[in-house]
Amino acid sequence: SGTDVVFEQYVTWALVNSSSIAKVLPDAAFGAMPSWVFPGDFGVLREDLPDLDRQEAFCHWYALTMGEVKQLVRGLSDAEQAKVLLWAEGHATPAISGTGALPQLLQQVIVTNTSGDFFGSGRMGALDLGAQGLDTPENEEPLVECVEVWQWRDFKTPEGSVYRDYWVTTVIGEHPIIERRNPVLPYVDQPLGPPIPAENPFVAVIPNPLLDYFWGGSELTPLVALQEWREQRMNQIDRLFELGMDPPLFFSGVTAPDDKIKALRQPGGYLANPQPGAKMEPIKHDMPAEAFQIISQIDAMFDDAAGMQ
């Protein structure tokens, strides 16, 4: 089924995003198949509880095409179907292309913000990767956002004993479409054995768990400050290099129009001036000997923080 390969990808992106969410659903051929849920499309009632089974409620957002929405609302009355479909058609939009390849935190680390606001510092990065090609999906099919709400509730067996299971509600806009008891792994009361408790189909993959935070810690968090520091130093080095290649000039005793003085900035340009004592001196900006040494030191800190040493 390739579950091992898929799970390896879940762990990889969990190191970046701090967590990955897998939704494991029954499959006729393989028994069960996991599907990836972006952490930004999943929400819990209490982020201070690290265990998903202890959450009283949680939500999973996802998108459907209009054809899938029409299939989903078939059980509603004609009036309700018309109301939901009208809302869905008014809110259906294509997925934004180019946003799914890299998580936002990773984009902040490796892709320069060309607007000049690097992590809110007002500085631009030294390398603009914004124009580089990314393997991102192109989707022009209008999609409708839906949410599936899972909530613990108490139920009673025919004999009157109380058990807990999930009540699942699928919502489009403000319209509850389907409400039902756990459709995936429900509570089962076995006459000849102990009951099978209810479970939800979601698995939180969190490589760096925290005691009081559901989402865990990202491996990129300690790298952000180092990346900003490195970008700042590289900008300064680039600036000094530009000044060394094309230094500003200081003129004394020279009276000439700006266009003639600009001729001195061109290859082969010259300015003849009869004024005695007239001179032109370049203003030199020396590159510090430690300029690239500190870059190497930051890179070593980067490797250490990333666990590469």
Side-chain angles (χ1 to χ4, degrees), residues 1 3-4 6-27 30-64 103-106 145-190 193-222:
S1 65
T3 301
D4 55 339
V6 173
F7 190 80
E8 186 272 337
Q9 295 178 1
Y10 294 167
V11 173
T12 298
W13 286 111
L15 293 171
V16 174
N17 292 321
S18 76
S19 59
S20 287
I21 305 296
K23 187 175 185 179
V24 184
L25 296 175
D27 182 84
F30 301 106
M33 284 291 290
S35 60
W36 188 63
V37 177
F38 179 61
D41 294 332
F42 193 83
V44 295
L45 184 63
R46 292 183 55 183
E47 290 190 334
D48 62 320
L49 296 178
D51 188 354
L52 184 59
D53 292 333
R54 294 175 58 195
Q55 296 288 340
E56 195 65 23
F58 52 84
C59 302
H60 170 214
W61 282 265
Y62 57 98
L64 297 177
Q104 182 62 30
L105 182 59
L106 185 58
E145 186 178 73
C146 307
V147 61
E148 201 173 70
V149 183
W150 291 68
Q151 182 182 10
W152 277 118
R153 284 193 183 180
D154 291 333
F155 297 88
K156 285 187 178 182
T157 65
E159 293 76 21
S161 59
V162 178
Y163 66 93
R164 300 204 81 195
D165 202 344
Y166 288 100
W167 185 253
V168 184
T169 306
T170 301
V171 182
I172 297 179
E174 299 179 354
H175 308 282
I177 306 302
I178 304 176
E179 296 180 280
R180 70 280 195 198
R181 187 168 70 90
N182 191 343
V184 183
L185 299 168
Y187 172 94
V188 178
D189 192 12
Q190 300 186 107
I196 301 175
E199 294 187 38
N200 67 75
F202 298 95
V203 178
V205 181
I206 304 176
N208 298 315
L210 301 176
L211 291 176
D212 58 352
Y213 188 53
F214 174 80
W215 304 106
S218 169
E219 289 287 333
L220 295 188
T221 300

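The structure presented is a predicted model; accordingly, all values stated were derived computationally and were not measured.
- Considering every non-hydrogen atom in both Tyr187 and Arg164, the closest pair reads CB-O, 4.2 Å.
- A distance of 8.5 Å separates CZ of Arg54 from CG of Asp48, quoted to the nearest 0.5 Å.
- Taking every heavy atom of both residues into account, Ser20 and Trp36 meet most closely at OG-NE1, 3.5 Å.
- Take Phe155 and apply the ring-ring contact (aromatic ring centres under 6.0 Å, His included) test, not counting sequence neighbours, and it matches Tyr163.
- Between Trp61 and Phe42, the ring center distance fails the sub-6.0 Å criterion.
- Judged by distance alone, with hydrogens and angles left aside, the side-chain atoms of Gln55 form a donor-acceptor pair with the main-chain N or O of Leu49 at under 3.5 Å.
- The list of side chain to side chain donor-acceptor pair (under 3.5 Å) pairs with a residue in residues 203-213, not counting sequence neighbours, reads Asn208-Glu219.
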Taking it one step at a time, do Phe7 and Val205 satisfy side chain to side chain contact (heavy atoms under 4.5 Å, CB included)? CA-CA 9 Å; Phe7 190 80; Val205 181; 3.8 Å; yes
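- With sequence neighbours left out, the side chain to side chain donor-acceptor pair (under 3.5 Å) criterion links Asp189 to no other residue.
- With sequence neighbours excluded, the residues that form a ring-ring contact (aromatic ring centres under 6.0 Å, His included) with Tyr62 are His60.
- Considering only residues two or more places apart in sequence or on other chains, Arg153 meets the salt bridge (Lys or Arg N to Asp or Glu O under 4.0 Å) condition with none of them.
- Distance alone, capped at 3.5 Å, is enough to place a donor-acceptor pair between the Ser218 side chain and the Val16 backbone.
- Partners of Val188 according to the side-chain contact (heavy atoms from CB on, under 4.5 Å) rule, which considers only residues two or more places apart in sequence or in another chain, are Gln190, Ile196.
- In terms of heavy-atom proximity, Pro207 sits nearest to Ser18 at CD-O, 4.1 Å.
- Residue Trp215 holds its CH2 atom at 8.0 Å from CD1 of Ile206, rounded to the nearest 0.5 Å.
- Between the OG1 atom of Thr170 and the CD atom of Glu179 there is a distance of 9.0 Å, given to the nearest 0.5 Å.
- The minimum heavy-atom distance between Pro50 and Leu211, with the atom names listed, is CG-O, 3.4 Å.
- Closest approach of Asp165 and Asn182 over heavy atoms only: OD1-CB, 3.1 Å.
- Taking CZ of Phe202 as the start and CG of Leu52 as the end, the distance is 8.0 Å to the nearest 0.5 Å.
- Without hydrogens or angle criteria, Ser35 side chain to Lys23 main chain gives a donor-acceptor distance under 3.5 Å.
- Ring pair Tyr166/Trp150 is perpendicular by interplanar angle, where above 60° counts as perpendicular and below 30° as parallel.
- Residues Asp53 and Asn200 bring a donor and an acceptor atom of their side chains to less than 3.5 Å of each other.
- Atom-to-atom distance recorded for Gln151:CD and Cys59:SG is 9.5 Å, nearest 0.5 angstrom.
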